[in-house]
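Read the numbers this way: they start at 1 and go in the same order the structure lists the ligands and their atoms. Model, not experiment: these values are computed from the prediction.
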Amino acid sequence: MASASRSLDLLAAGAGVAAAVLGAGLGELTAAVVAPTASPFAVIGGGMIDIAPPWGKDLAISWFGTNDKAALLVGIAILLLAIAAAAGVLERRRPPWGRVILGGLGVVGVVVSMTRADADVLSPAPSFVAGAVAVITGALLIARLRRTGAAAPEDTTGPSRRNVLAFSGIAVVVGALAAVGSAAVRGGAQAASAVRSALRLPTPATTTPVPAAAELGIDGLAPVITPAADFYRIDTALVVPQVDPSTWSLRIHGLVEEEVVLTWDDLVALPQRETVATLVCVSNEIGGDLIGTARWLGVPIRDLLERAKPTADADMVLSHSIDGFTASTPLEALTDERDALLAIGMNGEPLPIAHGFPVRMVVPGLYGYVSATKWVTELEVTQYAVAEGYWTSRGWSARGPVKLASRIDVPRAGARVTAGSTTIAGVAWQTHVGVSGVEVQIDDGAWQPAKLATAISSDTWVQWSLPWDATSGTHTIRCRATSATGETQTQQRAAPAPDGATGWDELTLTVA
Ligand SMILES: Nc1nc2c(c(=O)[nH]1)N[C@H]1C(S)=C(S)[C@@H](COP(=O)(O)O)O[C@H]1N2
Ligand SMILES: [Mo]
């Protein structure tokens with residue numbers, strides 16, 4: 001009797017999972033057709049990202065690097081399947097509680113999808129379909145199981161049981177096919193990517209030259225300009241927003257004398273500037289790679305704000321992304337002499353979709369989370385006393401000036417180095433301040449000045465190198481930078497939260 005009940009529980013758990021897979025698959029398919037960013041999966045995942053504490057984001061990034069989204073999706077899938085299995089068992093033992101749980105998941109999806117910043121009337125549809133299909137399928141399969149369980153409690157292999165098993169199998173297969181189909185539909189409907197490939201960028205009126213001596217050309221050293229394909233990516237978007245330039249517009253409003261609305265055609269008709277700037281994430285650990293440098297093409301934000309005329313009491317611009325992300329940038333950083341851009345190009349191409357196509361912000365001197373809004377649609381001129389950005393409300397600092405830092409790229413930690421003459425090399429930065437020197441210390445020796453490459457500008461990182469006559473044995477190498485204003489990098493280790501990591505990069509290696 002106990003083992004019969006256990007095997008019925010197993011069948012019920014399987015039926016619960018099958019109902020959930022069928023619901024999720026059809027929900028994903030619905031999303032792909034009518035509401036691409038409202039995938040039930042992405043909606044629940046996005047909700048989890050939004051409520052995660054700051055250390056949660058940090059932990060995810062340090063564990064999974066830029067793969068943190070894939071890891072999050074796998075985690076959500078496992079969690080949902082476990083809940084669905086439990087709901088199946090509960091539905092067999094205490095109906096209708098299993099249905100209530102499955103339906104509850106659907107309701108959570110519907111509510112979250114309606115409260116996302118980019119929500120429209122169709123946004124709740126995918127989660128509604130997913131929830132309804134899961135509830136109905138689960139109820140039918142398990143009612144069948146219950147009827148036969150009551151009629152013949154000891155018969156765990158009878159035809160009805162086999163029926164339930166077979167129908168569960170079919171539900172899983174159909175659900176999986178629907179999920180695969182949704183991926184295909186999405187692939188075919190990459191509207192933004194087709195528009196992007198057809199786009200021609202305007203030629204810049206002014207350009208920041210890249211001196212040949214900015215690139216030391218050392219094997220293993222990060223190139224001074226990062227190819228877009230290798231550029232780190234950090235954002236809260238589980239589904240990358242697809243924005244068509246022909247429907248894009250930017251609204252500048254809030255504490256301004258004149259509200260300004262700018263279309264794509266307006267934007268590309270303005271004189272374009274191409275600058276080189278290093279973008280770095282506040283979550284970058286000492287020695288980390290959440291940093292890159294690109295040639296950015298765009299219009300100085302200063303010129304646009306000049307048209308809107310911020311009022312005297314404004315001190316911050318809250319930029320809004322189409323997906324609800326916001327960044328709080330000091331008004332001054334957008335109106336002073338620096339090259340703060342509303343960017344449309346990266347390394348000579350339209351922005352890659354994941355890097356903000358068609359328009360993003362790039363502001364030298366500030367971490368990305370307070371300045372580099374991708375898929376930007378609104379500049380709200382306001383005050384720090386009144387509004388706050390996405391990460392500020394999650395415990396990160398309201399202002400995020402980039403801290404002085406340096407990194408060793410060559411040799412790699414754990415690399416095999418043979419005794420004799422070799423090279424130590426890396427990069428150093430404090431964007432919009434500049435770097436005047438880098439020193440290297442080997443073991444407990446004296447700090448030796450490294451050779452600096454020619455800096456492109458104070459807005460970019462600079463490469464450095466030092467010849468080293470490596471002797472066999474174990475060695476520790478560390479580096480520290482000095483800024484253009486004479487500050488030397490502190491040895492004091494600080495974690496990224498709440499306003500950026502500090503400390504010296506260091507590696508230990510064995511020379512053969
Ligand atoms: N819309 C949007 N823009 C965003 C973010 C985001 O989550 N959503 N993240 C910011 C952060 S934290 C960083 S570090 C940079 C990263 O830009 P990248 O992905 O192009 O390297 O984008 C910024 N812009
Ligand atoms: Mo970031």
Q: Can you tell me if Arg360 contacts ligand 1 (heavy atom of the residue under 4.0 Å from the ligand)?
A: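 Yes, that is the case, since the closest heavy atom of the residue is under 4.0 Å from the ligand.
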Q: Looking at Ser321, which atoms of ligand 1 are within less than 4.0 Å of one of its heavy atoms?
A: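 Heavy-atom distances to Ser321 below 4.0 Å select 1 (N).
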Q: What atoms of ligand 1 come closer than 4.0 angstrom to any heavy atom of Leu279?
A: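 Near Leu279, meaning under 4.0 Å from one of its heavy atoms, ligand 1 has 17 (O).
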Q: For Cys281, counting its heavy atoms only, list the atoms of ligand 1 lying under 4.0 Å from any of them.
A: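 This gives 14 (S) as the contact atoms.
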Q: Hey, is ligand 1 close enough to Ile234 that some N/O pair sits below 3.5 Å?
A: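 Between Ile234 and ligand 1 (N or O atoms, distance only) the closest approach is under 3.5 Å.
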Q: The criterion is side-chain hydrogen bond (donor to acceptor under 3.5 Å, both in side chains); which residues satisfy it with Gln441, sequence neighbours excluded?
A: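 side-chain hydrogen bond (donor to acceptor under 3.5 Å, both in side chains) list for Gln441, sorted by chain: Arg478.
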Q: Below a 4.0 angstrom heavy-atom separation, can you tell me which part of Ile322, side chain or backbone, both or neither, approaches ligand 1?
A: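 Contact part for Ile322 vs ligand 1: neither.
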Q: So which pairs with a foot in residues 29-53 pass ring pair (Phe, Tyr, Trp, His ring centres under 6.0 Å), sequence neighbours left out?
A: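 The answer is none; no pair qualifies.
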Q: Less than 3.5 Å apart, any donor N or O on the side chain of Trp461 or Thr278 sitting next to an acceptor on the other?
A: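 No, no side-chain donor-acceptor pair sits under 3.5 Å.
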Q: Counting from 1, what ligand 1 atoms have a heavy atom of Gly368 closer than 4.0 Å?
A: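 Those of ligand 1 that fall under 4.0 Å from Gly368 are 10 (C), 11 (C), 13 (C), 14 (S), 23 (C).
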Q: What class does the angle between the rings of Phe357 and Trp264 fall in, given that below 30° is parallel, 30 to 60° is tilted and above 60° is perpendicular?
A: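 Phe357 and Trp264: tilted rings.
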Q: Run the numbers for me: atoms of ligand 1, each under 4.0 Å from some heavy atom of Asp323, listed by number.
A: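 Listed by number with element, the hits are 1 (N).
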Q: Using 30° and 60° as the class boundaries, would you call the ring planes of Trp296 and Phe231 parallel, tilted or perpendicular?
A: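 The rings of Trp296 and Phe231 stand perpendicular, inter-plane angle above 60°.
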Q: Judged by atom type as modelled, is there a donor-acceptor pair below 3.5 Å linking the side chain of Arg360 to the main-chain atoms of His355?
A: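 At least one qualifying donor-acceptor pair exists.
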Q: Report, in ascending order of atom number, the atoms of ligand 1 lying under 4.0 Å from any heavy atom of Thr373.
A: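 Listed by number with element: 3 (N), 24 (N).
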